Amino acid sequence: MATVVDLNALGFQYPNSESWIVRDLSFSVAAGEFLSMVGGSGVGKSTILRLVAGLLEAQTGSLEVTGKSAEGRRRRGLVFQDGRLMPWRDVAHNVRLGLEGLNLSTDIVNQRIDEVLNLTGLSDFKDRWPHQLSGGQVQRVGIARALAVQPDILLMDEPFSAVDTITRQSLQQELVRIWQASGAAVLFITHDIEEAAYLSDRVIVLKGQPAEIVHERPIEIERPRQRNSEELFRLAADIATYL
Amino acid sequence: MTRYKFKYFTDNFVTTRRVILGITGIVAFLILWKSAESFEWFRRGTMPDPLKVPGALMDEWGSGRLIPAIESSLIHYLWGLGLGTILGFFVGAFAATIRWFDDFHIYLARLLRPIPPLAWVVFAIAWFQVSHAGAAFVISIGVFWVNYFATYSAVKNVDPRYYELAQAFGQGSYLIRSLKVTLPASSPGILAGVRTGVGQAWMTLIAAELLGVPGMGQEMNSAAGVGAYEAVVVYMLAISAVYALTDMIFSFIEHQILQWRP
């Protein structure tokens, strides 16, 4: 199966730090796959995501992000834990951010914005300022912004950790629908194993310092999945034993 | 419904109370002022009579001195404010974003900053004589420092997470980042500096004009010289009115630019 991200023996340490966050880390994400990465706090999950996002540069090993032609698109779309909308831009202009500088015509830009806002159920909030949105809506704008660049992979850094349980569950459902509709692969960071089991095609567990993959588990439960199914609980409990 | 009615009532009450107490405050001040004049609390002839101020206003207007003085002051004001604001903004923004420039200018800034703008009057006269340019120069110095500090601090305090966001979405170059993150994120602080500069410019302006540059300050000085203290008050009120107008215009512009804020 074609891959969109390939990490090979990747090593990274922060400047002026002796310790390695990751060393010899290898894994890949297949096209269209939903891969979750779980691990305790401080294990380096967000750092790995930033490496894949191109925001940090590894000192050793190789990292390849491949996919369809990147013309008019960006290969990666990043969704932040805190939503991170620019407060001085309304919803449509926040979504527009990644499209700027891609040499797209205004018509295409507007069409893309409308498409992703429609997909994320935000069409009626186009002109709102970020402070006028709920926590869940902020996260959906973050997802729409990442989808607007038509990425091969959506990189999500604990995007639902700051919202309440009911909102989180509804956002998880929406994410599955959006992921299936977009066709992009997802690399999803979370510390919530049940969330990972519910959403993913595959879960990898990180542990130690430097972080290592201590377990890898394909989730073969059919979709749509039942959140409260015993099979899902058992699977999550089993994954938890590796943490 | 009852709650809305109550809110309507309380809002109205607050507004009405403010208007009544505000007018009472002005009347009380006028009574105090008139008493000071009538009972000669100060040296005879030095306290203007508030009741003669409207007449003095008509005299100054009729003599053709008031409007040219305001115009002349506005020329100094706008040039000084414009130059000081633009230079203060750019120097502050560059210092906050370009490391070598920050290091390069920091001792110089510490050396020059404590010098009051009026201390430069000597050089303003030497370089520009008693002219519009000299007054604008002195004003621009005060305005420069206000804007420099406001911009420097606002830009330094931009949340670095926005830079990471811009980089993640392909907006990482210095110019693009400056336009899409630094400028909008620091705009509340920068505009607060500009607004302070709008007030600071008036204060320096009058002081500079008292030294002889044509304008309201000079007219005040001339009027005081012949004991026409009511005319001095006319110019003081003119300064207040023009300042209130500029502040109102700026406040409107600021509100338009910062409408994204809660």
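Keep in mind the model is a prediction, meaning the values are calculated, not measured. We use all heavy atoms of the structure for the numbers below, so side chains are in, but hydrogens, waters and symmetry mates are not. Residue numbering restarts at 1 for every chain, and letters A, B, ... go by the order of the sequence lines.
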For [X], I'd like to know if atom [atom1] has over 12 heavy atoms of other residues, nucleotides or ligands within 6.0 Å.
X        : atom1 : value
B/Phe101 : CZ    : yes
A/Trp20  : CH2   : yes
B/Asp103 : CG    : yes
B/Phe252 : CZ    : no
A/Ile166 : CD1   : no
A/Glu64  : CD    : no
A/Glu57  : CD    : no
B/Phe29  : CZ    : no

Any idea which heavy atoms bring [X] and [Y] closest together, and the distance?
X        : Y        : answer
A/Leu78  : B/Ala168 : CD2-CB, 3.7 Å
A/His131 : B/Trp260 : CD2-O, 3.1 Å
A/Ala146 : B/Phe169 : CA-CE2, 3.9 Å

Taking atom CG of B/Leu183 and atom CH2 of A/Trp88, what is their separation to the nearest 0.5 Å?
-> 10.0 Å

Between the CG atom in B/Leu165 and the CG atom in A/Leu55, the distance rounded to the nearest 0.5 Å is 9.5 Å

Would A/Phe80 and B/Glu164 satisfy side chain to side chain contact (heavy atoms under 4.5 Å, CB included), going step by step from the backbone distance to the final call?
-> CA-CA 10 Å; A/Phe80 294 89; B/Glu164 189 187 48; 3.5 Å; yes

With a 4.5 Å cut-off on heavy-atom pairs, point out which of A/Gly54, A/Pro130, A/Gly98, A/Gly101 contacts chain B the most.
-> A/Gly98

Check: B/Arg161 main-chain N/O paired with A/Arg84 side-chain donor or acceptor under 3.5 Å = yes

Backbone of A/Glu100 reached by a side-chain donor or acceptor of B/Gln171 within 3.5 Å | yes

Which region of [X], side chain (C-beta onward) or backbone (N, CA, C, O), has a non-hydrogen atom less than 4.5 Å from a non-hydrogen atom of chain B, or is it both or neither?
X        : answer
A/Arg145 : both
A/Leu85  : backbone
A/Asp82  : side chain

